[in-house]
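Letters A, B, ... are given to chains in the order of the sequence lines, protein chains preceding strands, and every chain is numbered from 1.
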Amino acid sequence: MVPEIKPARVRFAPSPTGRFHIGSARTALYDYLYARKTGGQFILRLEDTDQKRFDPQSESEFYESLRWLGLHWDEGPDIGGPHAPYRQSERVELYQEYADELVANGRAYHCFCTPERLSQVRQEQQKRKEPPRYDGLCRSLSEREVNARRDSGESTVIRFKTPREGVTTCIDLLRGPITIDNATVDDYILVKSSGMPVYHLAAMVDDYLMEITHVLRGSEWLPTFPLHVMIYQALEWQQPQWVHLSIFLNPSGKGKLSKRRTTNQRTSAKAIYALELRQMGYLPEAVVNWISLMGWSYDDHTEFFQMKDLIDKFTLEKLNPSPAAVNYSKLDHFNGLHIRALSTEDLTERLYPFFVNADVQCDPGLLAEITPLIQERIRSLEEAVEMAAFFFNPTVDPDPQELVGKNLTPAESATATRQALAVLRNLVSFEPEHTEAELRKLADTLGLSAGQLFGILRVAITGQRVSPPLIESMSIIGTETVLSRLEQAVEKLDGIADPE
RNA sequence: GCCCCCAUCGUCUAGGGGACCAGGACGUAGCCCUUUCAAGGCUAAGACCGGGGUUCGAAUCCCCGUGGGGGCACCA
């Protein structure tokens, strides 16, 4: 019997300030998996309370990336839902309401300190090697003074009145209880002077109102976790389950992934954005499989997962709290596996745009014939272009030196090619089996290994040293083109052959 | 500087006191297959950060160190 799990309401709440990277993708994936697993809802919410950092491109990139990965949301800014709106900038009255409640209860207070004063205080504290934090100047202003100053037009923020004594215990599902001294927690700003809330207030209010049962977020929130718990306690709300996910490290294991671009940009630049991966020819299935396993595991022997498998097998208990370095060679491996798992028709369809993008005159019908030949040879969709463009291009132009067979002279290679030409011209059928038998016979009479002969023909016909299987390729290209490419090869070889 | 989190092969990880001279995957090397390249099959090298405890027994529990990471904004 499968134990009964309550439907969870899980949210992915990005801030539209930049691009959608694989760290966000993993959080969203886990959100999605847990919602689906429990038969609950996956909710998309936009945390756009910072007008300064707002990036208008961002939102559509999130949608596109999420859809590409197959992470479809049940409620969100674009589709609405029972707790709309799902855009924080459209919910400010709500936050103000709860901020007022906190002030009324004495759990928060108005602060009139200017940014200038705050930075000055910070500087002095740093000079004294003290932790930088608010010094509490406005903490105990009288109600009358607060009102007077507000009436006079002085701008104000609302700060949380963190208890000066005692401890707060926060429960993280992966790490267990974390207990900290309240004295180390700052009086964080909850509402800015603009009236906009800060994450700490907005996210808590929304998670509560939207009935979020499980909060999965990055471990960069661990330092302010106690504040969040205190806010829940101050408002007497029941807390959700808190899960702080590990962060992604550079492939080297040194440093956070997003800061990676500063090093090795040219030699080993790897994509960190979902849409970049798409462009490079990675399958969404492979990306999902790959990121799912960075910070989560199923068992000892299973690593190949489709989305439905992940939904079936995902559990919060198997999440790993330690930081994980991303491993791009493993992504390549998964991409190969998922490419091979595709049907020929499906792969053909996905391959097509890559040829078009590379300006190859690609005929879909022809591509469908080629797909089986390259399916097990490519590790990315993009790779297919360099491997198979010769099928579509009218001519090939190999370097004459490349046409020279292994351990042979140009003259010997030219002779072999002429002989092959003769054999192929007299072929009664261009069926691969027949062609192969005849060419092997020729190699024999010429005293060459099959590899020597096929090597020459491969370069002559495909223009490449590495290609899909030669005989099958010839059959697709067609007699006429094969013969003309061989004739051209003979000319090239004659051109570099020693006159003697 | 202060607070917090984490710690098994190069990397992702299994492991939650005896089943572990630590298992799998990627990568690497070799072999087989083979018309190239892949794919596939087989094999090899490769790790419990250090020191103290607890225990008959520790990769597993506790403490201290060390290392790595995160955070210390009217950003999220």
Side-chain angles (χ1 to χ4, degrees), chain A residues 13-18 47-50 52-53 111 113-115 118-119 122 125-126 128-133 155-159 170 172 174-175 178 180-181 184-186 188-194 196-200 202-203 217-226 244 246-247 249 251-256 290 293-304 318 320-334 336-337 340 374-379 383 387 436 439-440 443 449-459 462 464-471:
Chain A
S15 171
T17 53
E47 311 222 317
D48 59 342
T49 53
D50 186 356
K52 287 188 213 97
R53 294 200 309 154
C111 170
C113 295
T114 61
L118 295 177
S119 79
R122 252 193 301 274
Q125 285 164 332
Q126 264 157 4
R128 279 178 267 131
K129 307 224 170 189
E130 284 170 18
R133 52 180 297 171
S155 80
T156 169
V157 301
I158 295 176
R159 284 180 185 274
C170 312
D172 175 81
L174 309 182
R175 292 158 241 263
I178 301 167
I180 55 98
D181 286 330
T184 63
V185 181
D186 203 354
Y188 285 94
I189 288 175
L190 263 22
V191 179
K192 306 180 216 178
S193 55
S194 64
M196 272 289 188
V198 141
Y199 171 90
H200 303 124
R217 40 150 45 169
S219 61
E220 66 268 23
W221 293 112
L222 240 21
T224 45
F225 187 14
H244 292 90
S246 63
I247 44 133
L249 267 25
S252 65
K254 305 267 178 198
K256 203 181 174 185
W290 178 53
L293 257 9
M294 299 172 75
W296 176 81
S297 62
Y298 176 59
D299 65 13
D300 219 0
H301 358 273
T302 324
E303 286 210 326
F304 180 83
K318 297 290 275 182
N320 187 332
S322 49
V326 297
N327 182 180
Y328 286 99
S329 65
K330 200 146 185 172
L331 171 59
D332 287 339
H333 172 249
F334 280 128
L337 292 181
R340 275 171 259 134
I374 60 175
Q375 182 154 22
E376 67 181 24
R377 272 162 244 276
I378 53 173
R379 302 201 123 204
E383 238 177 77
M387 184 170 287
E436 177 167 1
L439 286 176
R440 281 184 185 278
S449 70
Q452 280 176 304
L453 178 61
F454 287 21
I456 300 168
L457 300 184
R458 180 185 312 283
V459 175
T462 69
Q464 302 166 188
R465 291 204 106 120
V466 172
S467 82
L470 181 62
I471 311 294

Listed pairs, N/O of protein and of nucleotides 29-39 of chain B, under 3.5 Å:
| from | atom 1 | to | atom 2 | distance (Å) |
| --- | --- | --- | --- | --- |
| B/U35 | OP1 | A/Arg440 | NH2 | 2.3 |
| B/U35 | O2' | A/Arg458 | NH2 | 3.4 |
| B/U35 | O2 | A/Arg458 | NH2 | 2.3 |
| B/U36 | O2' | A/Arg465 | O | 3.3 |
| B/U36 | N1 | A/Arg458 | NH2 | 3.4 |
| B/U36 | O2 | A/Ser467 | N | 2.8 |
| B/U36 | O2 | A/Ser467 | O | 3.0 |
| B/U36 | N3 | A/Arg458 | NH1 | 3.4 |
| B/U36 | N3 | A/Ser467 | O | 2.6 |
| B/U36 | O4 | A/Pro469 | N | 3.4 |
| B/C37 | O2 | A/Arg377 | NH1 | 3.2 |
| B/C37 | N3 | A/Arg377 | NH1 | 2.3 |
| B/C37 | N4 | A/Arg377 | NH1 | 3.3 |
| B/A38 | O2' | A/Glu376 | O | 2.8 |
| B/A38 | O2' | A/Arg377 | O | 3.4 |
| B/A38 | N1 | A/Glu376 | OE2 | 3.1 |
| B/A39 | OP1 | A/Arg379 | NH2 | 3.4 |
| B/A39 | O4' | A/Glu376 | O | 3.3 |
| B/A39 | O3' | A/Arg340 | NH1 | 3.0 |

## Note on the structure
For B/U11, the nucleotide meeting Watson-Crick or G-U wobble distances (both under 3.5 Å) is B/A25
### B/A59 - base-pair partner by Watson-Crick or wobble geometry, distances under 3.5 Å
none
### Summary
Contacts of A/His333 meeting ring pair (Phe, Tyr, Trp, His ring centres under 6.0 Å) (sequence neighbours excluded), chain-then-number -> none
### Sequence-distant partners of A/Asp172, salt bridge (charged side-chain N to carboxylate O under 4.0 Å, His left out), two or more places apart
A/Arg175
At a cut-off of 3.5 Å, list every protein nitrogen or oxygen paired with a nitrogen or oxygen from nucleotides 48-50 of chain B, distance to 0.1 Å.
none

### Task
List in chain and number order the residues that pass salt bridge (charged side-chain N to carboxylate O under 4.0 Å, His left out) with A/Arg440, two or more places apart in sequence or in another chain; answer none if no residue qualifies.
A/Glu436
### Query
Within the structure, does a side-chain N or O atom of A/Lys256 lie under 4.0 Å from either OP1 or OP2 of B/G71?
yes
### Query
Under 4.0 angstrom, heavy atoms only, what part of the nucleic acid is A/Gly336 near: base, sugar-phosphate, or nothing?
nothing
### Query
Taking only residues two or more places apart in sequence or in another chain, which ones pass salt bridge (charged side-chain N to carboxylate O under 4.0 Å, His left out) with A/Glu376?
none
Identify all pairs in which a protein N or O lies below 3.5 Å from an N or O of nucleotides 72-76 of chain B, and state each distance.
| from | atom 1 | to | atom 2 | distance (Å) |
| --- | --- | --- | --- | --- |
| B/C72 | O2' | A/Pro132 | O | 3.3 |
| B/C74 | O2 | A/Ser193 | N | 2.7 |
| B/C74 | O2 | A/Ser193 | OG | 2.9 |
| B/C74 | N3 | A/Ser193 | OG | 3.0 |
| B/C74 | N4 | A/Cys113 | O | 3.4 |
| B/C75 | OP1 | A/Lys52 | NZ | 3.1 |
| B/C75 | OP2 | A/Lys192 | NZ | 2.9 |
| B/C75 | O2' | A/Asp50 | OD2 | 2.6 |
| B/C75 | O2' | A/Arg53 | NE | 2.8 |
| B/C75 | O2' | A/Arg53 | NH2 | 2.8 |
| B/C75 | O2 | A/Arg53 | NH1 | 3.4 |
| B/C75 | O2 | A/Arg53 | NH2 | 3.4 |
| B/A76 | OP1 | A/Thr49 | OG1 | 2.5 |
| B/A76 | OP1 | A/Lys192 | NZ | 3.4 |
| B/A76 | OP2 | A/Tyr199 | N | 3.1 |
| B/A76 | O4' | A/Arg53 | NH2 | 3.0 |
| B/A76 | O3' | A/Glu47 | OE1 | 3.3 |

When you compare the protein's N or O atoms with those of nucleotides 58-62 of chain B, which come within less than 3.5 Å of each other, and at what distance?
none

### Task
Mind checking the OG-CD1 spacing from A/Ser193 to A/Ile158? Nearest 0.5 Å is all I need.
11.0 Å
### Task
Not counting sequence neighbours, which residues clear ring pair (Phe, Tyr, Trp, His ring centres under 6.0 Å) with A/Phe225? List them please.
A/Trp242, A/His244
Output a table of nitrogen or oxygen pairs between the protein and nucleotides 63-65 of chain B separated by less than 3.5 Å.
none

### Distance between C1' atoms of B/G65 and B/U55 (Å, rounded)
23 Å
#### Entry: Mate of B/U36 where both pairing distances stay under 3.5 Å, Watson-Crick or G-U
none
## Note on the structure
Hits for salt bridge (charged side-chain N to carboxylate O under 4.0 Å, His left out) against A/Glu303, two or more places apart or cross-chain, chain-then-number order -> A/Lys330
### Spacing of OG1 belonging to A/Thr302 relative to CG belonging to A/Leu293, to within rounding of 0.5 Å
9.5 Å
#### Entry: pair A/Val198-A/Tyr188: side-chain heavy atoms closer than 4.5 Å
no
### By ring pair (Phe, Tyr, Trp, His ring centres under 6.0 Å) - contacts of A/Phe454 (at least two apart)
none
### Query
Which base, if any, makes a Watson-Crick or G-U wobble pair with B/C72, both distances under 3.5 Å?
B/G1
### Query
Between A/Ser219 and B/G70, does any side-chain N or O lie under 4.0 Å from OP1 or OP2?
no
### Message
Can you check the distance between B/G10 and B/A47, where both ends of the measurement are the C1' atom (answer in whole Å)?
### Response
10 Å
### Message
Quick check on B/A14: is either OP1 or OP2 less than 4.0 Å from any side-chain nitrogen or oxygen of A/Asn320?
### Response
yes
### Query
With both distances kept under 3.5 Å, what pairs with B/A19, Watson-Crick or G-U wobble?
none
